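The chain is numbered in sequence order, starting from 1. Everything numeric here is computed off the predicted structure, so don't read it as measured data.
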Amino acid sequence: MITFQIEDMTCGHCASKITKVIKATDTLATVQIDLSNHRVQIEPKQANVTELSKAIKDAGYAPMPV
């Protein structure tokens, strides 16, 4: 399980966009969003933490590994 703290994820649109880029990077990943705590938990199947972090950064967010 990979967890990111993403303070600039502030709304449902943000959560949707982040989920979309994670799924584009790893189509088999399981994604859980906790919007109120600004956390994303990912159970990857194909991608590693570096690839997932880069995808989230490229979408305009600042993921911090937890």
Side-chain angles (χ1 to χ4, degrees):
M1 182 72 68
I2 298 169
T3 303
F4 291 111
Q5 184 76 24
I6 307 176
E7 291 298 330
D8 50 354
M9 177 181 67
T10 58
C11 66
H13 179 264
C14 296
S16 176
K17 187 173 180 182
I18 289 169
T19 300
K20 190 175 184 178
V21 299
I22 291 168
K23 289 290 200 172
T25 305
D26 185 341
T27 57
L28 301 175
T30 303
V31 182
Q32 294 179 350
I33 303 283
D34 181 352
L35 190 55
S36 62
N37 290 311
H38 307 280
R39 289 201 176 201
V40 176
Q41 290 187 316
I42 308 162
E43 184 69 45
K45 301 294 185 208
Q46 302 167 324
N48 63 37
V49 66
T50 303
E51 294 166 323
L52 294 166
S53 179
K54 182 180 181 329
I56 296 168
K57 285 178 186 172
D58 289 349
Y61 298 93
M64 298 296 293
V66 174

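For the pair D8 and G60, the tightest heavy-atom approach, listed with the atom from each and the gap, is OD2-O, 3.8 Å. Of all heavy-atom pairs between L35 and G12, the closest is CD2-N, 3.8 Å.
Considering only residues two or more places apart in sequence or on other chains, Q5 meets the side-chain hydrogen bond (donor to acceptor under 3.5 Å, both in side chains) condition with E7, R39. Evaluation of the salt bridge (Lys or Arg N to Asp or Glu O under 4.0 Å) rule for K54 yields D58 as partners, not counting sequence neighbours. In terms of the side-chain contact (heavy atoms from CB on, under 4.5 Å) criterion, residue partners of A29 (sequence neighbours excluded) are, by chain and number, I22, D26, I42.
Here the CD1 atom belonging to I18 is positioned 4.0 Å from the CD1 atom belonging to I6, to the nearest 0.5 angstrom. Atoms OG1 and CD, on T30 and Q41 in that order, are 11.0 Å from each other to the nearest 0.5 Å. Separating the CE atom in M9 from the CG atom in N37 is a distance of 9.0 Å, to the nearest 0.5 Å. Rounding to the nearest 0.5 angstrom, the gap separating the OG1 atom in T27 from the NZ atom in K45 is 11.5 Å. To the nearest 0.5 Å, the span separating CG on L28 from CD on Q46 amounts to 4.5 Å. Note that NE2 of H38 is 14.5 Å distant from CE of M64, once rounded to the nearest 0.5 Å.
Residues V21 and Y61 have side chains not in contact (no heavy-atom distance under 4.5 Å, counting atoms from C-beta outward). Taking the side chain as every heavy atom from C-beta outward, P63 and V40 never approach each other to under 4.5 Å.
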